Amino acid sequence: MMSVKFVEPDVAHTGTCPGMCPDKERDERQRQKRLHKFEILEGTVRDRLPRANPHRIVKEYARPAAGKEAAQLCELRPAHVLLKTVHYLVNEIVPRHVEPWAEVYDYVFDRLRSVRQDMTIQKVSGPIAVTILEKTLRFLLCASYWLCEEPIQVFDPKMNDVHAQECFSLLLANYSDGNYKNEVEFQALAILYNLGSVKALQYALLLPHHTRDSPDMKLAFAMNQALAEGNYVRCLRLIRRLSFLQSCAIYRHIEQFRHDLLRVFNYGYSSRNCRYPLQRLANLLGMDSVSSAAELCQRHNLEVTDNAVCFQKSCYREPSPGPKQQELGLVSRKQGNRTKSSIIHGH
């Protein structure tokens, strides 16, 4: 994770824009027909120049460019407006189900990026910054799971990861200057998301005792220890004890745990006459079905017959990347009946 130095806010750069989008940008995007469909005023969609709904248009992210004028104060949203914008995105846009959720994600991702851009320019810190970053991280971590089956053209997990790491760095930096009720939750999430990272673990071990000794942190440390020991069965068992958000954070590591477990088993049980029960293997892998376990074994070039797998050193091979799958048992069922918005709000 990146290391970010905590900086006191500079009141001289506090923005004055009262709405979620500056008037100048609204007029410009309206004139250039660059309004997103979520922002168009009802009844003007078919007009030659659709108009913006002033209560729904949100400032978009603008990439910094050489020679570009610095943002004026009237174009920067102060901290309370930024928080209002985040609440609008989470409450009104995230729950949309008419469009594919990948489209919703793209819009919210861009607008949250714009919020962080305004925060950075104004050097916003403290409680409001923490609240914004926590909600943004929940959005990014959950999205990495909710969109896991989408092709790279629709959802780019690497880009999502870059922004999640940036948010973790900013959030942990803010935690260093105050006491926040959700700190333990996000310190543990940082370890789980960066499982196996020596840098992340070293940072966590320097935290105060009351943080390190919390149940969430102990579970995150146990995951790290199991991984360090090469105990992939224990890694997969511990995932069952994680919350939905924690499971989303560690989701990207699950496939590697399974590959490593099969590699270890193939070495330990290698025999032409030995047959390992496929149902038991599926349970150890934390897979939702025997057929999924069989498919994974076959991707490793292992023979599957009569609901059993034959491990042989000479046959084993590392598989090419396969399609991502929703993990019902390890992740999805933990969401229960909670909505996307409630999860992002931390409810």
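All values derive from a computational prediction rather than experimental measurement.
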Do Val233 and Tyr269 share a hydrophobic cluster, counting only Ile, Leu, Val, Met, Phe, Trp and Tyr and linking them when any side-chain heavy atoms are less than 4.5 Å apart?
yes
What verdict does the side-chain contact (heavy atoms from CB on, under 4.5 Å) test give for Phe265 and Leu281, after you've listed the backbone C-alpha separation in whole Å, the side-chain angles of each residue and the deciding distance to 0.1 Å?
CA-CA 10 Å; Phe265 271 39; Leu281 183 62; 4.1 Å; yes
Checking Gln225 against Asn231: is there a side-chain donor and acceptor pair closer than 3.5 Å?
no
If I take atom CD1 from residue Ile132 and atom CG from residue Leu171, how far apart are they, to the nearest 0.5 angstrom?
11.5 Å
In terms of heavy-atom contacts, Cys142 and Phe244 come closest through SG-CE2, 4.0 Å
Residues Ser247 and Lys334: side-chain donor-acceptor under 3.5 angstrom
yes
Do the non-hydrogen side-chain atoms of Glu185 and Leu245 ever get within less than 4.5 Å of each other?
yes
Flag for Thr339-Ser341: side-chain donor and acceptor within less than 3.5 Å
no
Are there over 12 heavy-atom neighbours, none belonging to Tyr61, within less than 6.0 Å of that residue's OH?
yes
Answer yes or no: does atom CG of Asp47 have more than 12 heavy-atom neighbours from other residues, nucleotides or ligands under 6.0 Å?
yes
To check you understand the geometry: which heavy-atom pair defines the closest contact between Leu141 and Cys248, and what is its length?
O-CB, 3.6 Å
NZ/NE/NH1/NH2 to OD/OE distance under 4.0 Å, Asp110 and Arg113:
no
Closest non-hydrogen contact found for Gly126 with Asn174 is N-OD1, 3.0 Å
Ring centres under 6.0 angstrom apart (His163, Phe109)
yes
Find out whether Met20 and Leu82 are in side-chain contact, i.e. whether some heavy atom of one side chain is under 4.5 Å from a heavy atom of the other.
no
If you look at every heavy atom in Cys310 and Arg275, which pair is closest and at what distance?
SG-NH1, 3.2 Å
Other residues, nucleotides, ligands: >12 heavy atoms within 6.0 Å of Arg237 CZ:
no
State, yes or no, whether a side-chain contact exists between Phe168 and Leu189 at a heavy-atom distance under 4.5 Å.
yes
Under 3.5 Å, is there a donor on one side chain and an acceptor on the other for Asp161 and Tyr193?
yes
Is any side-chain heavy atom of Leu207 closer than 4.5 Å to a side-chain heavy atom of Gln187?
yes
Please report the C-alpha distance between Arg34 and Glu60 in whole Å, then the side-chain angles of each, then the deciding distance to 0.1 Å, and finally whether the salt bridge (charged side-chain N to carboxylate O under 4.0 Å, His left out) criterion is met.
CA-CA 10 Å; Arg34 290 195 299 109; Glu60 66 181 2; 2.6 Å; yes
Mind checking whether Ser125 and Asp177 have side chains closer than 4.5 Å, heavy atoms only?
no
Say you draw a straight line from CG of Leu302 to CG of Leu262; how long is it, rounded to the nearest 0.5 Å?
6.5 Å
In this structure, which one of Glu39, Arg96, Lys37, His36 forms a side chain to side chain donor-acceptor pair (under 3.5 Å) with Tyr107?
Glu39
How many angstroms lie between atom CG of Asn224 and atom CG of Leu238, to the nearest 0.5 angstrom?
11.0 Å
Do Tyr276 and Arg280 get their side chains close enough for a donor-acceptor pair, meaning under 3.5 Å?
yes
Using 30° and 60° as the class boundaries, would you call the ring planes of Phe186 and Tyr175 parallel, tilted or perpendicular?
tilted
Given the rule in the side-chain contact (heavy atoms from CB on, under 4.5 Å) test, do Val104 and Phe38 qualify, once you have shown the distances and angles that lead to the verdict?
CA-CA 9 Å; Val104 173; Phe38 296 163; 4.2 Å; yes
Just wondering, do Leu284 and Tyr232 contact through their side chains at under 4.5 Å, heavy atoms?
no
CD (Glu318) with more than 12 external heavy atoms under 6.0 Å:
yes
Under a plain distance cut-off of 3.5 Å, with no hydrogens placed, do Arg77 and Ser114 share a side-chain donor-acceptor pair?
yes
Is it true that, when you exclude Arg241 itself, more than 12 heavy atoms of the residues, nucleotides or ligands shown sit nearer than 6.0 Å to its CZ?
no
Please check if Ile152 and Val162 belong to a single hydrophobic cluster, counting links between Ile, Leu, Val, Met, Phe, Trp and Tyr side chain heavy atoms closer than 4.5 Å.
no
Atom CZ of residue position Arg29 - does it have more than 12 heavy atoms of other residues, nucleotides or ligands inside 6.0 Å?
yes
Does the pair Arg338 and His347 meet the rule for a side-chain contact (heavy atoms from CB on, under 4.5 Å), with working shown?
CA-CA 8 Å; Arg338 289 179 297 163; His347 299 156; over 6 Å; no
When rounded to the nearest 0.5 angstrom, what is the spacing between CE in Met119 and CG in Leu76?
13.0 Å
Give me the atom names and distance for the closest heavy-atom approach of Gln117 to Ala62.
NE2-O, 2.7 Å
Treating Ile, Leu, Val, Met, Phe, Trp and Tyr as nodes and any side-chain heavy-atom pair under 4.5 angstrom as an edge, say whether Met217 and Leu205 lie in one connected cluster.
yes
Mind checking whether Asp118 and Lys59 have side chains closer than 4.5 Å, heavy atoms only?
yes
If hydrophobic clusters are built by linking Ile, Leu, Val, Met, Phe, Trp and Tyr wherever their side-chain heavy atoms come under 4.5 Å apart, do Leu112 and Ile57 end up in the same one?
no
Do Val94 and Val154 land in one hydrophobic cluster if side-chain heavy atoms of ILVMFWY residues count as linked below 4.5 Å?
no
To the nearest 0.5 Å, how far apart are CG in Leu236 and CG in Leu285?
6.5 Å
Give a yes-or-no answer on whether the side chains of Gln335 and Trp146 include a donor-acceptor pair shorter than 3.5 Å.
yes
Does Val98 sit in a hydrophobic cluster with other residues, and if so which ones, taking ILVMFWY side chains as linked at heavy-atom separations under 4.5 Å, directly or through other members?
none
Under a 3.5 Å cutoff, is there a donor and acceptor pairing between the side chains of Asp260 and Gln256?
yes
Lys135 and His87, any side-chain heavy atoms less than 4.5 Å apart:
yes
Nearest heavy-atom neighbours spanning Tyr180 and Pro127:
OH-N, 3.7 Å
Walk me through whether Val81 and Cys17 qualify under side-chain contact (heavy atoms from CB on, under 4.5 Å).
CA-CA 8 Å; Val81 176; Cys17 176; 5.9 Å; no
Let me confirm one number: the SG-CG distance from Cys315 to Asn266, rounded to the nearest 0.5 Å.
8.0 Å
Do Asn283 and Gln279 meet the criterion of a side-chain donor-acceptor pair at a distance under 3.5 Å?
yes
